[in-house]
Amino acid sequence: MYSIDKITTLICAERYGNKDASIGWLLTDSRSLRFPEATLFFAIKTERNDGRKYIEDLYRSGVRNFVVEKLPDSHVEKYPEANFLLVTSTLKALQRLAKRHRDEFNIPVVGITGSNGKTVVKEWLYQLLMPTRVVTRSPRSYNSQIGVPLSVWLLDERTEIGVFEAGISMPGEMPSLGEIIRPTIGVITNIGQAHQENFATKDEKCREKLSLFRDAEVVFYNAEDETIHNNICMLNCKTVPFRPYQGDMPFIDRASKENAGACAAVAAYLGLTDEQIAEGMKRIEPVAMRLEVKQGQHGCIIINDSYNSDINSLDIALDFMQRRQDVSSSVNSLTATSKLPHTLILSDIYQSGMSAEVLYREVSNLAKERGVKKIIGIGEEISSQKDVIDINEKYFFNTTEEFLGSETLNGLHDEMILIKGARRFSFDHITERLEQKVHETILEVNLNAVVENLNYFRSFLRPETKIACMIKADGYGSGAVEVAKTLQDHHVDYLAVAVADEGVTLRKAGITGNIMIMNPETTAFKTMFDHGLEPEVYSFRLLEELISAARKEGITGYPVHIKLDTGMHRLGFNPHEDMPRLIERLKHQVALTPRSVFSHFVGADSDDFDRFSDMQFRVFDEASRLLQEAFPHKILRHIDNSAGIEHFPERQLDMCRLGLGLYGVDSRDNRILNNVCTLKTTILQMRHVPKDETVGYSRRGVLSRDSVIAAIPIGYADGLNRHLGRGRCYCLVNGKRAPYVGNICMDVAMIDVTDIDCHEGDIVEIFGDNLPVTVLSDALDTIPYEVLTGISNRVKRVYFQD
């Protein structure tokens, strides 16, 4: 934490406002707000946006500290509690603050640059070092003029090694990043064509990237990159070439071997033994699957690299395809073969810095060298250069849609096909058409719908009312990590899980916001302290044990959430009898600090319980006020759940808790708001079964007519409740109802598709957009929670978000 006074001095600002503040978080994107009280917002102006227009909203959300190039109009009247730090350039102020923060750390810092592979090297090096070192690294691909200072700011007293990547697109950008990172160890991966249009030569770009390391102790460089080899002498430090890694690792393509070679060299320099490196390399995980290999239709193998389309990554992808000739093991259990001719589907390539003719002649040369026999070009530019592409069999289309409607697509068979295209060409549609249909049961999770439901309930709240989102039970079966990331991006105030292990999973996945533990276990106290997880406290026994545990750890002021029992009679302090004793105990210790006090409505989902709800609120209001009056700091009060937000908006108090409503079910009337989860499977097999025959175990599926019975690969081990069988419920096949026949088995269910036009491989909807989950819960005489949380972890989750 830095005081606002110190930051004012460090960035040479003129301060307007005199409020004390301690700053732990820097913010440049208002959507990423986490901790408003400890946040400093830099109102950065870019070509497309101006951060000043978000000041008003951020102030309403609790932010009180801003760095600006121009003071807002009437800032004293509109923002009386704010501090404004006036500077010439907010971007340079952000970078200056990060530089001064970096000065506080005398530790090894690895700086990584290059045209490709920066993020992979960073993440793999982190994976190698993580078991024995505390490493702070750049989040995702935070390698820009803004991303680098935000990354370096993450250094703290626990950090033993820093690992940061730096990317540039223009001359003159690297010196500022070098001053912020100030690497003691450098890594340069390669020099390719990316952003070449902004540099006169590759040598100029290489020298710009190497300027990152002007004060480094040692720089590791790609020995096989001629441009780097020719320019590395400009550095006045020790330089060490690295070569592709030759040991065991899960990836066999040349780029991965080169990236692993860089990681191994740096890890050895930092003290890892050969044995530690070898064992770590065997376990490295992919950073992002850019080269996905799948079985295609008509005997084809599909290599999907529809991520971007630059000349350097094309070379890497073509190399990957060629090397599949020489291996017998494979990705996704596909066996490589040298018998399949190679086909390249390629879109226009952007920002190469070359003329179109030179660029596509280089494409032609690369393709020929890698054994490509057929090329399909998609885009107006590549089509205009078809004459320079020296491949015997070649086809060109202006758009993806034109290709999808062509006979060329239908004629693909027994080929190894590399699909390589810029995102704007939507090559995922090509992949979908070429992939072989597989029998798979998946739960599709629409993260856009999660956001829409969040915003629906937020529409009932005042701007200052906080919101806590329940993601216990693995996000009600949706996948807690992905849901939490989405909610964090939309700056909810709290996430709530059941037990500490669920919270740890979120922390390890990069969730940094407030996490409440609703059912803390005494054995997990240290885990909660270590990961910044905030427990609820519902009894004096738990309170005393928590105080004792915090004292042993030397902890003071740890935030806890006080639970009151106003009528649920499940857990909680008695608001009539326990408040004086509870207040007295909390005031006479320093280990814990009450962050919030809350209770549960028993029946906010029904008007029948309104009188009981009135009583609950009166009791809670009185007891919670007593607690607040006993302490000078703000204690959040909350009792509204999803149903209460709609039914009792006047009782929203300081915060509300959003549960089932977040996942698209309105518990007030069981209607679907925005459907989040769709459970799908496919038809495995269809057979004709005569009248009076039986289907399934114990012969419980007796047929009253000649029928067509389909088997689908989902059963009670996947979460399809056995009580839905024997005609009690149905699924949808091509939009038509198909009732379950006989007993549902562990892994398979049978459905009646006699009157439905369908085929093996067709999609079956168990519940989702067209068949509400409430249909299943009503058939089971239960609630949607039970159906959603019952979906087994063996069911693959697939996430969608714009």
Side-chain angles (χ1 to χ4, degrees), residues 1-101 144-150 152-153 176 180 455 458-459 461-467 488-493 512-514 632-636 652-655:
M1 286 282 191
Y2 285 72
S3 71
I4 195 67
D5 290 336
K6 184 173 183 179
I7 289 178
T8 302
T9 301
L10 290 177
I11 65 174
C12 301
E14 185 177 355
R15 180 175 169 185
Y16 293 83
N18 58 3
K19 302 297 181 181
D20 292 335
S22 293
I23 300 301
W25 301 87
L26 306 185
L27 184 68
T28 61
D29 185 338
S30 63
R31 296 169 298 179
S32 300
L33 179 63
R34 305 290 180 270
F35 306 99
E37 299 90 348
T39 289
L40 178 64
F41 177 67
F42 287 78
I44 294 175
K45 186 175 183 178
T46 66
E47 292 181 0
R48 297 183 178 181
N49 210 347
D50 187 346
R52 292 178 70 246
K53 68 185 182 182
Y54 301 105
I55 290 174
E56 185 173 348
D57 287 342
L58 287 168
Y59 187 83
R60 282 200 300 265
S61 298
V63 178
R64 294 295 180 264
N65 299 283
F66 304 89
V67 181
V68 296
E69 296 174 7
K70 179 182 177 182
L71 292 172
D73 296 336
S74 306
H75 67 277
V76 175
E77 294 79 14
K78 289 182 66 175
Y79 311 109
E81 301 294 318
N83 291 308
F84 288 98
L85 308 187
L86 185 64
V87 296
T88 303
S89 167
T90 48
L91 174 59
K92 290 181 178 178
L94 171 67
Q95 294 175 341
R96 182 180 178 86
L97 180 57
K99 293 177 199 174
R100 301 286 76 81
H101 183 63
S144 67
Q145 299 292 310
I146 293 175
V148 166
L150 294 177
V152 170
W153 180 259
S176 62
I180 298 168
N455 291 335
R458 272 182 164 165
S459 69
L461 304 181
R462 298 184 297 268
E464 66 271 17
T465 302
K466 299 181 184 295
I467 194 162
Q488 181 165 271
D489 286 344
H490 288 80
H491 43 83
V492 302
D493 301 282
T512 58
N514 302 308
H633 70 277
K634 176 70 174 178
I635 299 176
L636 302 174
Q652 58 189 262
L653 301 176
D654 302 304
M655 186 161 71

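Since this is a predicted model, take the numbers as computed values, not measurements.
Across all non-hydrogen atoms, the minimal contact from Ala38 to Met1 is CB-CE, 4.0 Å. Nearest heavy-atom pair across Ile180 and Lys99 is CG1-CG, 3.8 Å. Ala21 and Asn83 make their closest contact through CB-ND2, 4.4 Å (heavy atoms, listed as atom of the first residue, atom of the second, distance). The minimum heavy-atom distance between Ser144 and Pro149, with the atom names listed, is O-CD, 4.1 Å. For the residue pair Ala43 and Gly51, the shortest heavy atom distance occurs at CB-C, 3.7 Å. Thr39 approaches Val63 most closely through the heavy-atom pair O-CG1, 4.1 Å.
In this structure, Tyr59 OH and Phe41 CZ are separated by 15.5 Å, a value rounded to the nearest 0.5 Å. Interatomic distance, OH of Tyr54 versus CG of Leu27, reported as 11.5 Å (0.5 Å rounding). To the nearest 0.5 Å, atom CD of residue Glu464 and atom CD of residue Gln652 are 7.5 Å apart. Expressed to the nearest 0.5 Å, how far CG of Asn65 lies from CG of Leu58 amounts to 11.5 Å. In this structure, CG on Leu40 lies 14.0 Å from CZ on Arg64, to the nearest 0.5 angstrom. Atoms CG and CG, on Asp29 and Asp489 in that order, are 9.0 Å from each other to the nearest 0.5 Å.
Residue-environment remark: NZ (Lys92) stays at or below the threshold of 12 foreign heavy atoms within 6.0 Å.
Asp493 contributes a side-chain N or O that, together with a main-chain N or O of Ile467, makes up a donor-acceptor pair within less than 3.5 Å. Between the Thr90 side chain and the Phe42 main chain, no donor and acceptor come within less than 3.5 Å of each other. Counting only distance, with no hydrogens or angles, the side chain of Arg462 and the backbone of Leu653 share a donor-acceptor pair below 3.5 Å. Between the Arg15 side chain and the Thr8 main chain, no donor and acceptor come within less than 3.5 Å of each other.
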Side chains of residues 72-81: which donor-acceptor pairs under 3.5 Å do they make with residues two or more places apart or in other chains?
none

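Residues Gln145 and Gln95 have side chains in contact (heavy-atom distance under 4.5 Å, counting atoms from C-beta outward). Inter-residue side-chain proximity for Phe84 and Leu86 is flagged as unmet; no heavy-atom pair is nearer than 4.5 Å. Side-chain contact between Leu94 and Val67 is absent, with no heavy-atom pair separated by less than 4.5 Å. Residues Thr512 and Gln488 have side chains in contact (heavy-atom distance under 4.5 Å, counting atoms from C-beta outward).
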| said: As a quick check of understanding, evaluate side-chain contact (heavy atoms from CB on, under 4.5 Å) for Leu97 and Trp153, giving each step before the final call. | reply: CA-CA 8 Å; Leu97 180 57; Trp153 180 259; 3.7 Å; yes

| said: Applying side-chain contact (heavy atoms from CB on, under 4.5 Å) to Cys12 and Arg96, what does each step give before you reach the verdict? | reply: CA-CA 9 Å; Cys12 301; Arg96 182 180 178 86; 3.4 Å; yes

| task | Step by step, work out the side-chain contact (heavy atoms from CB on, under 4.5 Å) result for Val492 and Arg458. | result | CA-CA 10 Å; Val492 302; Arg458 272 182 164 165; 3.9 Å; yes

